[in-house]
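Since the structure comes first, as structure tokens, the remarks are kept for the end.
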Amino acid sequence: MKIVKCPKCGKYLHKAPRCLFCGNTSGFQELPEEIIHKNIATDYAHVNYLVESKKFDEAMELSYAVIEWMPDLAEIFWLRLLAKNKCVSDAELILKGFDSVQDSDYCNALRFSKGEVRQVYSGIGDIVKLLRQSIKSELASHEIKKKSQTDILIIKKTFQGDIEERKNKLFGLWSDLEEIEQALYALEMDCRTLSREHIISLEQAAQDASLLKNQVYKLDECTAESLNSYQVKIGTILQQSEQAKAALMDIKNQHPWVKEHKELTTKRDKQVNLIATELKSLRDYEVTVNRTLTEIDRIEKSYKEAIIATDKYDFAKAFSLLESDITNMLLQSVGVDVSSLYNRYI
């Protein structure tokens with residue numbers, strides 16, 4: 001990979017279609033390349049080609065042959081750093097992130113480089129360190145922003161009052177229902193007392209009719225006098241039952257207590273429906289609260305994972321959570337302009 005100088009910002013970088021610091025696309029000045037041992041010149045060039053072709057495993061494997069002949073060649077360690085992180089350019093490497101303190105290939109690239117080449121390597125390492133801190137700070141504030149976009153603040157503000165109001169309303173509805181049930185019970189007792197006399201009369205008529213039937217069945221013969229006597233008794237029993245029946249029907253159709261009972265029954269059913277509606281509303285509210293709490297847990301988990309990954313110089317998770325304008329702002333804050341690559345890369 002060739003080192004060039006940008007005529008616009010004056011910074012050194014690996015040759016690319018555009019300057020990753022200022023976005024310039026022309027007039028780059030190439031610096032003299034390091035002389036490569038003739039025995040591995042082809043292999044070295046091929047490692048470059050493999051990295052550019054995204055054949056990263058092959059590039060890593062071939063790099064050992066180059067290191068065997070030139071163990072102090074800084075650029076081969078930089079190519080290994082790119083291949084190991086599945087990147088084809090320094091801009092992609094910045095976006096992905098890498099551990100500029102612990103990574104052995106980066107440390108060797110820095111160790112064996114000098115002059116402008118060293119400036120390129122150390123500069124990118126410094127950018128990644130700064131970007132890491134900026135991302136972690138932004139994730140913390142962005143997490144708060146995402147949480148505030150849920151209903152959690154409204155729930156927190158109104159939850160206690162809502163629960164107290166719903167509880168009082170349910171208790172009030174239940175108390176009203178209990179009063180209606182007590183009124184119904186008292187009315188039913190009065191109705192039973194009122195109709196008891198006629199019910200007893202019907203029962204007595206039924207018993208008399210049964211006794212008369214048994215007497216008739218026991219007769220060997222029935223004289224005209226006996227027939228007339230039984231007919232009189234049956235007539236009396238029928239008259240008694242009809243009178244009792246008529247009295248009960250009159251109570252059922254005309255007595256004011258029956259109308260009051262119907263009104264109370266309708267009122268009770270309405271009250272039951274009100275309680276059922278309120279219970280459904282309470283369950284729906286519970287679902288809303290649980291859904292919001294689940295969303296908060298998901299947000300906290302996602303941002304915690306992103307912060308842990310960022311702390312390990314893995315920026316992919318963080319960039320997936322942050323909007324593109326925020327990410328571009330972060331990149332610009334550390335002095336790089338890779339917005340066009342970012343929009344394709346993420």
Side-chain angles (χ1 to χ4, degrees), residues 1-24 27-36 44 47-48 51-52 56 59-60 63 66-67 70-138 309-316 318-319 327-339 341-342 345:
M1 300 178 71
K2 295 181 179 180
I3 301 294
V4 299
K5 181 179 181 180
C6 176
K8 185 176 179 180
C9 64
K11 293 186 177 180
Y12 295 97
L13 65 148
H14 283 115
K15 188 174 182 180
R18 56 183 287 144
C19 176
L20 63 85
F21 301 107
C22 67
N24 176 50
F28 296 104
Q29 304 169 17
E30 293 187 6
L31 272 65
E33 294 186 74
E34 185 171 352
I35 299 174
I36 306 299
Y44 173 71
V47 172
N48 271 280
V51 171
E52 292 174 358
F56 303 116
M60 288 293 291
S63 68
V66 178
I67 293 173
M70 295 188 71
D72 58 353
L73 179 60
E75 191 65 17
I76 192 61
F77 291 105
W78 190 262
L79 288 170
R80 282 174 55 84
L81 179 64
L82 291 174
K84 184 164 55 181
N85 288 281
K86 313 298 182 185
C87 299
V88 300
S89 66
D90 295 352
E92 284 191 10
L93 189 62
I94 291 172
L95 288 173
K96 273 200 170 181
F98 68 94
D99 191 344
S100 59
V101 177
Q102 300 294 332
D103 191 283
S104 59
D105 288 314
Y106 175 78
C107 291
N108 282 328
L110 200 62
R111 174 187 176 189
F112 296 123
S113 61
K114 57 185 178 179
E116 294 83 357
V117 178
R118 186 178 180 84
Q119 287 183 40
V120 173
Y121 298 162
S122 62
I124 291 176
D126 291 340
I127 287 170
V128 171
K129 290 178 184 177
L130 289 172
L131 186 58
R132 171 174 170 261
Q133 293 303 317
S134 297
I135 291 174
K136 288 174 66 177
S137 298
E138 184 60 36
T310 299
D311 202 46
K312 297 177 181 179
Y313 292 93
D314 180 1
F315 303 154
F319 286 153
T327 302
N328 288 330
M329 178 270 292
L330 290 174
L331 293 168
Q332 291 170 7
S333 71
V334 296
V336 295
D337 178 13
V338 293
S339 56
L341 175 63
Y342 166 78
Y345 175 71

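Quick caveat, the model's predicted, so the values are computed rather than measured. This chain uses plain numbering: 1 for the first residue, then up along the sequence.
- The two residues Lys129 and Ser100 have their closest heavy-atom pair at CE-OG, 3.0 Å.
- Taking each heavy atom of Ala318 and Ile135 in turn, the nearest pair found is CB-CG2, 3.4 Å.
- Sorted pairs that involve residues 114-128 and meet salt bridge (Lys or Arg N to Asp or Glu O under 4.0 Å), not counting sequence neighbours, are lacking altogether.
- The backbone N or O of Ser134 sits nowhere less than 3.5 Å from a side-chain atom of Ser137 that would complete a donor-acceptor pair.
- Among residues two or more places apart in sequence or in another chain, the side chain to side chain donor-acceptor pair (under 3.5 Å) test is passed with Tyr106 by none.
- Proximity of Leu81 to Tyr121: side-chain heavy atoms (C-beta onward) are nowhere separated by under 4.5 Å.
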Start with the C-alpha gap between Asn85 and Glu92, add the side-chain angles, then the distance that decides, and say whether side chain to side chain contact (heavy atoms under 4.5 Å, CB included) holds. CA-CA 9 Å; Asn85 288 281; Glu92 284 191 10; over 6 Å; no
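- Checked against salt bridge (charged side-chain N to carboxylate O under 4.0 Å, His left out), Lys136 has the following partners two or more places apart in sequence or in another chain: Asp311.
- A distance of 8.0 Å separates CG in Asn328 from CG in Asp337, rounded to the nearest 0.5 Å.
- Considering only heavy atoms from C-beta on, Val128 stays 4.5 Å or farther from Asp99 through its side chain.
- Counting all heavy atoms, side chain and backbone alike, Leu93 lies closest to Phe98 at CG-CD2, 3.5 Å.
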List the steps, then state whether side chain to side chain contact (heavy atoms under 4.5 Å, CB included) holds for Glu52 with Val88. CA-CA 5 Å; Glu52 292 174 358; Val88 300; 5.6 Å; no
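- Taking 4.5 Å as the limit, every side-chain heavy atom of Ile76 sits out of range of all side-chain heavy atoms of Met70.
- Looking at heavy atoms from C-beta onward, Cys19 lies in side-chain contact with Leu13 at the 4.5 angstrom threshold.
- Nearest heavy-atom pair across Val51 and Leu79 is CG2-O, 4.0 Å.
- Every residue two or more places apart in sequence or in another chain that forms a salt bridge (charged side-chain N to carboxylate O under 4.0 Å, His left out) with Asp103 is listed here: Lys84.
- With a 4.5 Å cut-off on side-chain heavy atoms, Trp78 and Val120 do not count as touching.
- When all heavy atoms of Val66 and Leu73 are compared, the pair lying nearest together is CG1-CD2, 4.0 Å.
- Judged as a salt bridge (Lys or Arg N to Asp or Glu O under 4.0 Å), the pairs with a partner in residues 4-15 (not counting sequence neighbours) are, in order, Lys15-Glu30.
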Stepwise side chain to side chain contact (heavy atoms under 4.5 Å, CB included) test for Phe315 and Thr310: CA-CA 5 Å; Phe315 303 154; Thr310 299; 4.0 Å; yes
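- Separation of atoms CG (Leu82) and CE (Met60) is listed at 10.5 Å; rounding is to 0.5 Å.
- Under the rule for a ring pair (Phe, Tyr, Trp, His ring centres under 6.0 Å), the partners of Phe77 that lie at least two apart in sequence or sit in another chain are Phe112.
- Proximity of Tyr313 to Lys96: side-chain heavy atoms (C-beta onward) are nowhere separated by under 4.5 Å.
- Of the N and O atoms on the side chains of Gln29 and Tyr12, not one donor lies less than 3.5 Å from an acceptor on the other residue.
- In this structure, the side chains of Leu95 and Leu331 come closer than 4.5 Å at one or more pairs of heavy atoms.
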Evaluate the side chain to side chain contact (heavy atoms under 4.5 Å, CB included) criterion for residues Asn108 and Arg80: first the C-alpha distance (whole Å), next the side-chain angles of each, then the deciding distance (0.1 Å), finally the verdict. CA-CA 11 Å; Asn108 282 328; Arg80 282 174 55 84; over 6 Å; no
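- Looking only at side-chain heavy atoms (C-beta outward), Glu75 and His14 come within less than 4.5 Å of each other.
- The line from CG of Leu131 to CD1 of Ile94 is 8.0 Å long, rounded to the nearest 0.5 Å.
- Ile3 contributes atom CD1, which lies 12.5 Å from atom CZ of Phe28 (distance to the nearest 0.5 angstrom).
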